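Just below is one structure, and these are the notes that go with it.
Worth saying up front: this structure is predicted, and the values here are computed from it rather than measured.
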Amino acid sequence: MLKRKLALRTAELSEAHPKKAPMSEETTSALFAQPPWQQFYNIEVSLNETLETFATPPTISCTYNPVEYASSLHCAYLRRFLDGPKRVMFIGMNPGPTGIAQTGIPFGNVRTVSELMEISGEVGRPPIIHPKRPVVGLQCKTEERSGVRLWELFLRLAGGRLDTFSRQCFVHNFCPLAFFDAAGKNITPTELKGPYKQKIRDVCLDALEKQLQIVRPQVVVAVGDYVYQTLKRSEYCKAVSLLRLAHPSPRSVNNTNWPEKAQEFLEQHGLIQFMRNEV
């Protein structure tokens with residue numbers, strides 16, 4: 001009886017969402033044996049193993065992977081906010097030095113994580129730490145302004161509850177690595193050079209394709225142009241609505257009123273109803 005119900009549910013999802021290659025009965029059983037957040041995290045672990053095999057170019061002094069050393073907080077975030085398929089998935093670029101690099105949570109400004117999400121836990125350290133880029137976890141006193149802008153807007157539009165937002169929406173990062181040069185400057189994936197840049201893009205996109213099949217969003221919102229241009233290569237995103245939301249970084253040109261512009265964008269594309277769980 002249980003197998004029949006699972007088979008029926010699989011058929012329903014296949015009809016309601018973009019089609020994908022059929023899976024074997026063995027693969028299907030293995031997937032249903034784990035909750036969605038665990039399936040999602042397993043893909044991240046596999047991606048991290050691949051990334052560890054890449055030799056970094058001389059221009060990169062060190063890399064941080066908070067999905068690994070902040071896995072306690074990261075998994076707490078997944079367990080709480082990824083309980084099944086979502087209508088809308090927001091995808092950022094990679095860790096910011098005072099955000100996810102400290103907390104393991106996308107756009108994860110410390111105050112947002114500890115007060116609004118009510119997530120706590122121990123954060124480890126990356127193998128190599130740049131002296132100008134310390135990792136102190138939830139003790140970090142420097143705010144990630146992009147994270148403050150993004151999560152506080154989402155919280156307000158969701159009526160003051162992130163649990164309401166998470167019923168139909170989920171936030172993720174495309175690349176788990178933060179890159180720093182010898183001076184400690186934060187190097188974004190856009191600024192990477194040569195074959196290394198392409199390899200990072202390709203393996204992260206391959207992992208994301210698998211994660212999209214778990215989250216199964218009908219709308220994918222790329223936060224920033226790098227992610228938007230990259231997701232144009234995604235087979236999944238070719239079958240759904242792919243949108244570009246300007247990055248909330250205050251350092252971006254003409255971005256002083258990002259919350260107002262972002263709200264207008266979300267209204268224009270009819271996404272606030274999903275953020276409020278009204279549909």
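- In this structure, N254 places its CG atom where only 12 or fewer heavy-atom neighbours from other residues, nucleotides or ligands lie under 6.0 Å away.
- Taken to the nearest 0.5 Å, the CD atom of Q39 stands 9.0 Å off from the CG atom of L82.
- Side-chain atoms of Q218 never come within 3.5 Å of backbone atoms of S241 as a donor-acceptor pair (strictly under, hydrogens ignored).
- Under a 3.5 Å cut-off, the side chain of S71 and the backbone N or O of V67 do not form any donor-acceptor pair.
- Looking at heavy atoms from C-beta onward, F81 lies in side-chain contact with L162 at the 4.5 angstrom threshold.
- In this structure, the side chain of K261 does not engage the main chain of N255 through any donor-acceptor pair within 3.5 Å.
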Item checked: salt bridge (charged side-chain N to carboxylate O under 4.0 Å, His left out) evaluation trace for D202 with R233 -> CA-CA 10 Å; D202 290 349; R233 297 171 172 268; 5.4 Å; no
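- The distance from atom CZ of R149 to atom OG1 of T112, rounded to the nearest 0.5 Å, is 13.5 Å.
- Using a distance-only test at 3.5 Å, with no hydrogens or angles considered, no donor-acceptor pair links the side chain of Y236 to the main chain of Q211.
- Side-chain contact between P85 and V215: absent, with no pair of heavy atoms (C-beta onward) separated by less than 4.5 Å.
- Here the side chains of I200 and L51 are in contact, with some heavy-atom distance below 4.5 Å.
- Rounding to the nearest 0.5 angstrom, the gap separating the CD1 atom in I214 from the CD atom in Q34 is 9.0 Å.
- Put simply, the side chain of N94 never gets that close to the backbone of P176: no donor and acceptor are under 3.5 Å apart.
- Here F174 and Y228 keep their ring centres 6.0 angstrom or further from each other.
- Using a 4.5 Å heavy-atom threshold, the side chains of M93 and N173 count as separate.
- A donor-acceptor pair shorter than 3.5 Å can be found between the side chains of H74 and E44.
- Enclosure of atom CD in E191 by more than 12 non-hydrogen atoms of other residues, nucleotides or ligands within 6.0 angstrom is indicated.
- Counted by atom type alone, Q263 and E267 present one or more donor-acceptor pairs between their side chains at under 3.5 Å.
- Applying the side chain to side chain donor-acceptor pair (under 3.5 Å) test to K238 and every residue at least two apart in sequence or in another chain returns E235.
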Check: What do the steps show when you test T63 against I128 for side-chain contact (heavy atoms from CB on, under 4.5 Å), and what is the final call?
Finding: CA-CA 8 Å; T63 61; I128 300 175; over 6 Å; no
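- Residues forming a salt bridge (Lys or Arg N to Asp or Glu O under 4.0 Å) with R161 (at least two apart in sequence, or on another chain): D163.
- Using a 30° and 60° split on the angle between ring planes, F107 and H247 fall in the tilted class, from 30° to 60°.
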Item checked: Evaluation steps, side-chain contact (heavy atoms from CB on, under 4.5 Å), between Q139 and Q102 -> CA-CA 9 Å; Q139 303 305 312; Q102 303 294 332; over 6 Å; no
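- Taken to the nearest 0.5 Å, the CE atom of M89 stands 9.0 Å off from the CG atom of L231.
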Item checked: Stepwise side-chain contact (heavy atoms from CB on, under 4.5 Å) test for I105 and I119 -> CA-CA 10 Å; I105 294 172; I119 292 176; 3.9 Å; yes
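- A distance of 7.0 Å separates CG of N48 from CG of L177, quoted to the nearest 0.5 Å.
- Panel note: side chain Q168, backbone V279; a donor-acceptor pair is recorded below 3.5 Å.
- A side-chain donor-acceptor contact under 3.5 Å links Y69 to the backbone of A101.
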Next item on the list: Kindly indicate, with the supporting measurements, whether the criterion side-chain contact (heavy atoms from CB on, under 4.5 Å) is fulfilled by L192 and I187.
Entry: CA-CA 7 Å; L192 295 174; I187 306 298; 4.1 Å; yes
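- Under the 3.5 Å distance criterion, the side-chain polar atoms of S72 are left unmatched by any main-chain donor or acceptor of G121.
- Rounded to the nearest 0.5 Å, atoms NZ (K210) and CD1 (I43) are 7.0 Å apart.
- Using a 4.5 Å cut-off on side-chain heavy atoms (C-beta onward), S61 and H130 make contact.
- Here the two rings, on F154 and F90, have centers that are under 6.0 Å apart.
- Using a 4.5 Å cut-off on side-chain heavy atoms (C-beta onward), P35 and D83 make no contact.
- Between the side chain of R276 and the backbone N or O of F165 there is no donor-acceptor pair closer than 3.5 Å.
- Seen from the ring of F180, K185 does not count as a face-on cation partner, given the 6.0 Å and 45° thresholds.
- The backbone N or O of G99 sits less than 3.5 Å from a side-chain atom of E144, completing a donor-acceptor pair.
- Within the 4.5 Å cutoff, the side chain of L242 has heavy atoms near those of the K232 side chain.
- Residue-environment remark: NZ (K197) exceeds the threshold of 12 foreign heavy atoms within 6.0 Å.
- Partner F179 forms a side chain to side chain contact (heavy atoms under 4.5 Å, CB included) with one of I60, T188, T59, N186 and no other, that one being I60.
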